[in-house]
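Following: one structure in structure tokens, then a few remarks.
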Amino acid sequence: MGSRSRLWSAVLATMFVAASCRPKPETATASPTTSAPAATTSRKAARPPAWTQAQAPIDLLPERTGVVVSAASVRHLLRVVDLAALLGTYRPYYEQAGAYFEQTFGHNLLDPARWPEIGVDPDRPIGAALLDAGSETTCYFISLTDPGRFRDFIDRLGGKLGGSLESVYEDRGIVLAHESGARNQLVLRDDFAFVVNVGNPSLAPYDFARELASVDPARGLTASPRWQQALGPAEPRDLLAFIDVGGMLRAEVEAARRRDEQPATSWAEQELQRLREHGGTAEEIARWEQVAAEQRASERQVRESRRREQELWNGVLGPLGPIVLGLSLGPEAITGIARAQVPETALLRRVVTAGAGPPLAITAASERVLFGAGGKLDLSEGIAGIDSLLRAIGKSADALFAELKRSTGGDPKAALAMLEGTVSFALTTSDVAAMARGGSKAEPGFNLALNFKDPVTAAALVTVTMAKLPSSPLGAAGVKVKRGKSRGHVVTVPGWRDVHVALVGATLTISTDPKFAQQVERGPMWQPRLAQVGPIVTAPGAAATLLLDHAFLMGMFMARRHYEGERYLPSQNQPYWRFSSLTPEVIDKVPQSAAYKSRLKEWLRLDAKIERVEKVQEQRRREGALAAADSLGALALQLRETPEGLETAGGQYFGPGGLARTIERFIEGMSGGETDYSSYEERGRVEQELMEIRVRDIERSLGVRASE
């Protein structure tokens, strides 16, 4: 319910842009996928027939579109939540919101069944797109049952809000806006409506609203080889996403180039120009010339830093083809596949290696896994790739290794050369509820499993590293090493759990769980909290695997949301403003009277009572958030290599009650119970009395009169 209302509110708000947001009209640049424009301002004027009727809104998107997210319908989106259960729980709020929409817009827009009343189709595609990253141009789109009825609704609503939209362009579709060249425009085309927002009109390569109103679907995004090659023979899904990361990076680089070609006049140059035009002294002009030169140098540094950052990201993501994500939506899970065309020369493709077994850090865990990841990497390619990326920003892998060697006392580069490439890591906990209680014991533990090429060299490395650790900077911080009772070493970390280091064959295990090495030796015995994630995490042959239990994110958020700092005391609030002739230091030295101390005790009693109640409420919020995380479930993904690139499969798997119960539990938890504000009011009255007593104490002590 909430997501639908926010989306619809956002669409409506974008349709009816405020007059203060209007930029000056600009000359539109012709789109590369449209014919010559045929502009008119008459709503009744005949429009040329479309060459081809679009079958879906995405058929009309420009060929260079960077991101598209399209759902089969709003009803498909609602499959993931038990709407009837939510409405049963929060019906009074729903009815109140529905009545507001009915009164404001003449229709209950929260009920998709009533959308046809305004010409909107709840059973056909709805979505959003990033049309151009450089100019930050986005659009939202919906499908219509009756374009005429929707246009009438827009006109009625515009008249009621005092901001009606007029036709500023007509071709195969109509562009509606407050004025030509506006940042926000509404496009009606075929059986669809698009709300277009241009973040930076000066960087827009052409007028996107006119593009949508005129493009032939045969020349749009879905007809392009880029789209068709990326999708391949994909089966229909409830939700489709198309993300051209490499294309967006290139668009951002081009936009940065255009920005650099037309830099704005700096404030220093403006002041310098003013002095020259109005006869400033030679000294003033020389000083501001220096300031302007320094500012130009600073701006050059910023541009160079931005260029290096773009080179860094382009090195990683630039070679990627568009990522295509197809999802099936249901009350128990949101599952699907994401694919990307990645050339074999790309860094990601060179580093990723197929054939990793199930991640031991997860499958050999005896504690609950909050977050886990594992895979097989080509370490030599990875180090070379990291080095090339670091050099783009003026650093190097050798410098990074040197810093690690200084801090650990070991040789990380030599250690990496011994590794076989299979690695897995997991954050774990023996007590999820501890995250709600807070404190150092709530910190999660971990499992780390590293496969070495040779067990003999691995044993030698462990022996040397454990011997050097006490004399390293870590040892100076209080870290100690002792031999384990049965095997390996135990590293004692001040204020935290012991870390157990042991070798199982050629696998190095490092964990806060003393049972982890034994579990690795015996073989996987992992029982996932949600059965659905098991096949994803344990499937053989994956290049990488990821598991995220939402209790981790929720627990960390709630454990740190409440800041346990020093509580406020009334003595920190002195009446300085009542004695303008005195310095704060003089006022602070006036001793507290017996009357002040007596009332302060009462204030402290009330404050302690309030603090106890607040801690109980905060505890309930944390417990409620963790309970919500149980219903939210977990995310499980596996990455595989394909002949064309990379493919990720898996999804979001809900726990008991699904998303509906997650929402209910989160709301229940965040409420923290009813609050009795009488104690706050009483404490406030006592604090006011304390202030007046303090004023009288200062008057008597210093022989002055306080101002009113």
Side-chain angles (χ1 to χ4, degrees), residues 17-30 130-138 177-184 197-208 248-315 318 387-396 398-400 402-403 576-577 579-588 707:
V17 60
S20 59
C21 296
R22 301 181 215 155
K24 293 181 180 180
E26 300 181 26
T27 303
T29 305
L130 174 64
L131 302 181
D132 181 61
S135 61
E136 300 173 11
T137 300
T138 59
H178 289 296
E179 61 184 3
S180 179
R183 288 176 182 266
N184 304 289
N197 174 263
V198 184
N200 192 335
S202 65
L203 295 179
Y206 53 84
D207 190 323
F208 288 94
M248 288 190 292
L249 279 171
R250 290 187 291 273
E252 177 57 32
V253 170
E254 176 60 21
R257 184 190 64 77
R258 293 200 299 271
R259 282 195 299 267
D260 294 343
E261 287 178 351
Q262 42 180 318
T265 304
S266 70
W267 60 270
E269 290 171 330
Q270 292 174 1
E271 179 63 16
L272 181 60
Q273 183 66 23
R274 187 189 68 80
L275 290 172
R276 286 171 174 168
E277 292 176 353
H278 295 85
T281 66
E283 292 78 6
E284 288 177 322
I285 291 175
R287 182 165 61 87
W288 280 99
E289 284 177 339
Q290 178 65 25
V291 172
E294 291 174 354
Q295 188 167 5
R296 284 193 295 271
S298 175
E299 290 171 351
R300 281 195 299 271
Q301 286 183 334
V302 170
R303 289 195 296 270
E304 178 62 20
S305 175
R306 184 174 62 232
R307 183 189 64 78
R308 287 183 173 183
E309 183 179 342
Q310 288 171 340
E311 284 183 2
L312 179 65
W313 285 109
N314 197 48
D387 185 62
S388 64
L389 295 175
L390 289 173
R391 290 184 184 281
I393 56 175
K395 300 180 180 180
S396 69
D398 288 340
L400 176 63
E403 178 61 30
Y576 301 125
W577 68 94
F579 300 94
S580 57
S581 61
L582 301 176
T583 63
E585 291 77 15
V586 171
I587 293 174
D588 291 341
S707 60

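This structure is a prediction, so every number in the text was calculated from the model and none was measured. Throughout, numbering of the chain's residues begins at 1 and tracks the sequence.
Counted by atom type alone, S396 and D398 present zero donor-acceptor pairs between their side chains at under 3.5 Å. Looking at Q273 and E277, their side chains do bring a donor and an acceptor atom within 3.5 Å of each other.
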* Run the salt bridge (charged side-chain N to carboxylate O under 4.0 Å, His left out) check on R276 and E289 step by step: do they pass? -> CA-CA 11 Å; R276 286 171 174 168; E289 284 177 339; 2.8 Å; yes
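Between L272 and I285, the closest heavy-atom pair is CD1-O, 3.6 Å. L130 and T137 get closest at one heavy-atom pair: CD1-O, 3.5 Å. Smallest separation of non-hydrogen atoms from R183 and G199: NH1-O, 2.5 Å. A pairwise comparison of heavy atoms in F208 and S135 identifies CE1-OG, 4.2 Å as the closest pair.
The CH2 atom of W288 sits 10.5 Å away from atom CD of Q270, with the distance rounded to the nearest 0.5 Å. How far OH of Y576 is from CG of L582: 11.5 Å, rounded to the nearest 0.5 Å.
Residues satisfying the salt bridge (charged side-chain N to carboxylate O under 4.0 Å, His left out) test with E294, not counting sequence neighbours, are none. Every residue two or more places apart in sequence or in another chain that forms a salt bridge (charged side-chain N to carboxylate O under 4.0 Å, His left out) with E271 is listed here: R274. By the side-chain contact (heavy atoms from CB on, under 4.5 Å) test, S581 is found to be paired with no residue, residues two or more places apart in sequence or in another chain being considered.
Q295 is not listed as a side-chain neighbour of E269, based on a closest heavy-atom distance of 4.5 Å or more.
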